[in-house]
*Asks:* 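I have a structure I would like to understand better, so I am pasting it below and will then ask my questions one at a time.
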Amino acid sequence: MTVKEIHSRLRKLGNRQRAENSQRYFKTGPGEYGEGDIFLGIAVPELRKLAKEYQTLTLKEATQLLQSSIHEERLLALFILVRAFAKGDERLKEQIYRLYLDNTHYINNWDLVDSSASYIVGAFLMTKDRKPLYDLAKSKDLWERRIAIIATFYFIKFGEFTEAIKIARMLLSDTEDLIHKAVGWTLREVGKHNLKAEEQFLKAHYKKMPRTMLRYAIEKFPEAKRQRYLKGTM
């Protein structure tokens with residue numbers, strides 16, 4: 001009954017105008033990265049409140065939500081799983097991690113990835129073999145590649161940059177703009193903690209980096225330095 005209750009509550013919270021705006025913003029048109037996704041039009045803060053309210057949802061119920069055709073139901077499921085992971089013991093953490101990787105097909109837009117990958121995949125692999133990230137980075141699936149690079153934010157927070165740099169290098173020639181943005185954002189995050197590490201990477205690769213990736217990576221640099229990177233004169 002809990003999942004049915006959630007379905008009902010979310011539909012009552014929906015807003016048609018916001019839903020239409022979201023469908024444009026998240027590129028749900030034919031041939032776009034979010035093609036066919038369905039939005040109810042619910043603000044993220046409202047979903048976070050509901051995640052707290054339904055934090056005792058079972059993994060089976062959370063999986064039902066995650067496999068929904070409704071974007072906000074998938075996002076709510078991920079918020080619930082992130083909360084459960086943070087509070088869980090090692091056994092539960094592994095169950096959530098496995099569940100997550102078994103359902104990447106449903107984690108299929110940038111907000112879904114960005115609100116969950118570091119908190120589940122990154123956090124789980126913090127003290128383990130990081131090979132699964134490299135496998136994800138090699139995936140043909142856009143969202144799995146984004147999961148790989150965004151997961152490294154968890155390591156960066158603790159001053160570990162190896163995976164972020166290596167996966168960024170793997171994704172240099174990626175053709176997807178959403179990967180360019182994610183890699184640039186990750187490099188910028190590395191720079192917040194260790195500017196030397198970011199600039200070592202940039203000086204080796206900035207001339208061949210996709211423009212969007214470079215712009216994101218150097219966004220916070222002093223303007224004069226930023227222009228030297230953009231003009232290829234570093």
Side-chain angles (χ1 to χ4, degrees), residues 27 33-34 78 97-98 100-105 107-234:
K27 307 295 184 184
Y33 61 75
L78 290 168
Y97 167 77
R98 301 293 177 196
Y100 190 95
L101 292 188
D102 286 344
N103 286 277
T104 54
H105 176 72
I107 307 168
N108 57 353
N109 215 310
W110 59 263
D111 63 323
L112 303 176
V113 172
D114 296 0
S115 62
S116 61
S118 67
Y119 304 110
I120 294 177
V121 179
F124 183 76
L125 295 176
M126 181 68 188
T127 58
K128 298 176 180 65
D129 184 354
R130 313 269 174 90
K131 183 180 180 297
L133 290 184
Y134 296 96
D135 294 337
L136 288 166
K138 295 174 187 175
S139 173
K140 294 181 180 180
D141 182 80
L142 159 64
W143 306 116
E144 291 192 345
R145 299 198 305 278
R146 188 162 174 123
I147 287 169
I149 191 66
I150 295 298
T152 67
F153 271 62
Y154 194 86
F155 311 147
I156 294 169
K157 182 169 63 174
F158 292 97
E160 292 191 22
F161 314 121
T162 301
E163 270 64 47
I165 295 297
K166 286 184 177 179
I167 292 173
R169 192 177 296 120
M170 289 174 66
L171 297 174
L172 274 174
S173 59
D174 202 286
T175 60
E176 294 286 352
D177 186 63
L178 283 170
I179 298 299
H180 301 169
K181 291 176 179 177
V183 172
W185 180 26
T186 303
L187 292 170
R188 187 175 75 211
E189 195 67 19
V190 169
K192 287 181 185 178
H193 296 263
N194 188 321
L195 185 58
K196 182 179 179 181
E198 180 188 8
E199 291 216 72
Q200 282 179 337
F201 181 93
L202 290 175
K203 287 175 182 178
H205 302 291
Y206 81 98
K207 289 186 178 180
K208 60 184 177 184
M209 288 170 68
R211 203 65 167 176
T212 297
M213 187 186 295
L214 178 60
R215 286 185 180 278
Y216 270 61
I218 64 175
E219 185 177 18
K220 301 298 182 181
F221 283 12
E223 184 60 21
K225 182 190 285 189
R226 205 174 69 83
Q227 287 301 323
R228 289 198 297 274
Y229 273 109
L230 291 172
K231 293 173 182 177
T233 58
M234 286 299 293

*Asks:* Within the supplied structure, the quantity of interest is the number of heavy atoms (other residues, nucleotides, ligands) at a distance under 6.0 Å from Lys128 NZ; does it exceed 12?
*Replies:* yes
*Asks:* List the atom of Ala197, the atom of Ile165, and the distance in Å for their closest heavy-atom pair.
*Replies:*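 What the structure gives for the nearest pair is O-CD1, 4.3 Å.
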*Asks:* Does the Arg145 side chain pair with the main chain of Lys138, one donor and one acceptor, at a distance under 3.5 Å?
*Replies:*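 No; judged by distance alone, with no hydrogens or angles, the pair does not exist.
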*Asks:* Between the main-chain N or O of Gly122 and the side-chain N or O of Arg130, is there a donor-acceptor pair closer than 3.5 Å?
*Replies:* no
*Asks:* Is any side-chain heavy atom of His193 closer than 4.5 Å to a side-chain heavy atom of Ile156?
*Replies:*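 Side chain of His193 against side chain of Ile156, heavy atoms only: contact under 4.5 Å found.
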*Asks:* Between the side chains of Glu163 and Tyr134, does any donor sit under 3.5 Å from an acceptor?
*Replies:* yes
*Asks:* For Ile149 versus Thr152, what's the shortest heavy-atom pair and its separation?
*Replies:* O-OG1, 2.6 Å
*Asks:* Where do Ala137 and Met170 come nearest, in terms of heavy atoms and distance?
*Replies:*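 Where Ala137 meets Met170 most closely, the heavy atoms are CB-CE, 3.7 Å.
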*Asks:* Has Tyr229 got more than 12 heavy atoms of other residues, nucleotides or ligands less than 6.0 Å from its OH?
*Replies:* yes
*Asks:* Looking at side-chain heavy atoms only, is the closest gap between Glu219 and Trp185 below 4.5 Å?
*Replies:* no
*Asks:* Salt-bridged, Arg98 to Asp102, with N to O below 4.0 Å?
*Replies:* no
*Asks:* What's the separation between atom CZ in Arg211 and atom NE2 in His180, rounded to the nearest 0.5 Å?
*Replies:*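 Here the rounded value is 13.5 Å.
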*Asks:* Decide if atom OH of Tyr119 counts as having more than 12 heavy atoms of other residues, nucleotides or ligands within a radius under 6.0 Å.
*Replies:* no
*Asks:* So which atom in Ala164 and which in Val190 form the shortest heavy-atom distance, rounded to 0.1 Å?
*Replies:*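 That closest heavy-atom pairing would be CB-CG2, 4.0 Å.
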*Asks:* How about Lys157: does its NZ atom have over 12 heavy atoms from other parts shown lying under 6.0 Å from it?
*Replies:* yes
*Asks:* Decide yes or no for Gln227 and Glu223: does some side-chain heavy atom of the first lie under 4.5 Å from some side-chain heavy atom of the second?
*Replies:* yes
*Asks:* Answer yes or no: is there a donor N or O on one side and an acceptor on the other, between the side chain of Arg228 and the main chain of Thr233, under 3.5 Å?
*Replies:* no
*Asks:* Can you tell me how far the CG atom of Leu78 sits from the CG atom of Asn103, to the nearest 0.5 Å?
*Replies:*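 Between atom CG of Leu78 and atom CG of Asn103 there are 9.5 Å.
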*Asks:* Between Leu187 and Met209, is a side-chain contact (heavy atoms from CB on, under 4.5 Å) present by the stated rule, with each step listed?
*Replies:* CA-CA 12 Å; Leu187 292 170; Met209 288 170 68; 3.9 Å; yes
*Asks:* So Tyr33 and Trp143, would you call those rings parallel, tilted or perpendicular, with 30° and 60° as cut-offs?
*Replies:* perpendicular
*Asks:* Scan Asp114, Asp174, Asp141 and name whichever one has a salt bridge (charged side-chain N to carboxylate O under 4.0 Å, His left out) with Arg146.
*Replies:* Asp114
*Asks:* Decide yes or no for Arg215 and Leu230: does some side-chain heavy atom of the first lie under 4.5 Å from some side-chain heavy atom of the second?
*Replies:* yes
